[in-house]
Trainee: 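Below is a structure I'd like to ask you about.
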Amino acid sequence: MKIAILSTEPSLYSTRKLVEAGEKQGHEVQVIDYLRCYMNITSMKPQVIYKGEPLEGLDAIIPRIGASKTFYGTAVVRQFEMMGVFTPNPSQAISQSRDKLHCLQLLARDGIGLPVTGFANSTKDIDGLINTVGGAPLVIKLLEGTQGIGVVLTETYQAAKSVIEAFRGLDANILVQEFIKEAGGADLRCFVVGDKVIASMKRQGAEGEFRSNLHRGGKAEKIKLTPEERSTATRSAKAMGLRVAGVDLLRSNHGPVVMEVNSSPGLEGIEAATGVDVSGKIIEFLEKNAEKGQVRDRIED
Ligand code: ADP
C-alpha cells in the first residue's frame, strides 16, 4: 500500500514508529506536512497538492493533527476523503473529539459513564451551575486545554465561583465537573484500534497532583482492564467515530467514567509502558480496512 502520515513533525517518536512499522510490512510510507498541503476544492477531480506536486495513488492516510491545527488539518483530511483515500479517523470525528463539550455530549447520548458535568455561558448562573454538579470540590476545565493545562481543582464553593468568574471574564469557554476523588490522581489510557483495546496503561500523577498527565510528571504502568472498562473504551471510540483513539477513563465509585477521547494519541508512553507494538497494530488495521474507494463520499451532514 501507499500510506501517508499527516504530521508536521517527522522526528516525533509516534511519526517515526508509524513509518517504521509501515515499511517493515513492505508498504511505501511518506510523511506529509499537512500545513504545506494546498487544494483546489472546486475542481471536479479533488486533489491535494504538496510542495507543487499533486499527491496521487495513496491508499490510506494516518492523520496526526496537532491540537492547535485542527481547523486546517481536518480540511486536508476531508479533501483526502473526497479523493476516496482511506482514513481510520474521519475529519468530522477528529473535529468533534477536539471539542471537549461536544465529545461529552456525544458520549452522554450513547449512555457512556461520565463525571457529572455542567456548562454555561453566562456568569449570572454560576450558583446554579455549581449546584448542578453537586457543589465543591469540583474541577473546572478550559474547553480548549490539553496536557492538563487549564484543568483546575477548586476545593471550596467560593474558590470555584472565583475561578469560573475569572475564566468567563477572559471569555474562555469552560466546563465544570464533579471531582472524582476516589481516582486518587490516576487515570487509565485505553488505546483503541478498530473495535478493540489493544493496550492499556495506568497513569499516576506526581505526589500531591490530581492530574495524571505524563507531561505533568505522571508515571505510567501497564494495567489489565475490567470487562466494563474495556467496553466503555471501545464504545466511546465508536460513539466518536474514531478507529484509532486514546480513551482516558477514571475509576469512580459509580464505575468507569470517560475524561476524553483523543484522536491522535501518542505512541511513546503506551509502547514503553506496555511493550505492545501499537504502531504495528495500526498498520495492520489499515491493511484490513483500506480497500480503495471504500470511503468515497463519507462526509456526513
Ligand atoms: P487534558 O485534556 O488537558 O489532559 P483532562 O480533562 O484529561 O485534560 O484532565 C487532565 C487530568 O486531570 C486527567 O487525566 C485526570 O487525571 C485529572 N482529572 C480531570 N478531570 C477530573 C475529575 N473530574 N476528577 C478527578 N480528576 C480529574
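Indexing begins at 1, ligand by ligand and atom by atom, following the structure's order. Each residue takes its place number in the sequence, starting with 1.
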Trainee: Which of the listed options, Glu260, Met259, Glu182, holds the heavy atom that is closest to atom 21 (C) of ligand 1?
Mentor: Met259
Trainee: I need the contact type for Leu250 against ligand 1. Using non-hydrogen atoms and a strict under-4.0 Å cut-off, is it side chain, backbone, both or neither?
Mentor: side chain
Trainee: Taking the non-hydrogen atoms of Lys100, is any one of them nearer than 4.0 angstrom to ligand 1?
Mentor: yes
Trainee: So does Arg203 pair up with Asp187, basic N to acidic O under 4.0 Å?
Mentor: yes
Trainee: For Arg203, is at least one N or O under 3.5 Å away from an N or O on ligand 1?
Mentor: no
Trainee: For ligand 1, note which part of Ile180 has a heavy atom under 4.0 Å away: side chain, backbone, both or neither.
Mentor: both
Trainee: In the structure I gave you, are the side-chain heavy atoms of Leu101 and Thr117 within less than 4.5 Å of one another anywhere?
Mentor: no
Trainee: For atom 14 (O) of ligand 1, which candidate among Thr117, Val116, Asp187 holds the nearest heavy atom?
Mentor: Asp187
Trainee: With atoms numbered from 1 as shown, which atoms in ligand 1 lie under 4.0 angstrom from a non-hydrogen atom of Arg211?
Mentor: 11 (C), 12 (O), 16 (O), 17 (C)
Trainee: Side chain of Glu182, backbone of Asn253: donor and acceptor closer than 3.5 Å?
Mentor: yes
Trainee: With a 4.0 Å cut-off on N to O distance, would you call Glu9 and Arg64 a salt bridge?
Mentor: no
Trainee: Within a strict 4.5 Å, meaning less than it, do heavy atoms of the Ile164 and Ile174 side chains meet?
Mentor: yes
Trainee: For atom 11 (C) of ligand 1, which of Asn213, Leu143, Val151 has the closest heavy atom?
Mentor: Asn213
Trainee: Counting from 1, what ligand 1 atoms have a heavy atom of Phe179 closer than 4.0 Å?
Mentor: 24 (N), 25 (C)
Trainee: Relative to ligand 1, is Lys181 under 4.0 angstrom through side chain, backbone, both or neither, heavy atoms considered?
Mentor: neither
Trainee: Salt-bridged, Asp195 to Arg243, with N to O below 4.0 Å?
Mentor: no
Trainee: Taking 4.0 angstrom as the limit and counting only heavy atoms of Gln177, give me the atoms of ligand 1 inside it, by number and element.
Mentor: 20 (N), 23 (N)
Trainee: For the pair Lys17 and Glu271, find out whether any cationic side-chain nitrogen is under 4.0 Å from an anionic carboxylate oxygen.
Mentor: yes
Trainee: Yes or no: does Asp248 have any heavy atom under 4.0 Å from an atom of ligand 1?
Mentor: no
Trainee: State whether the side chain of Glu260 and the backbone N or O of Val247 hold a donor-acceptor pair below 3.5 Å, judged by distance alone.
Mentor: no
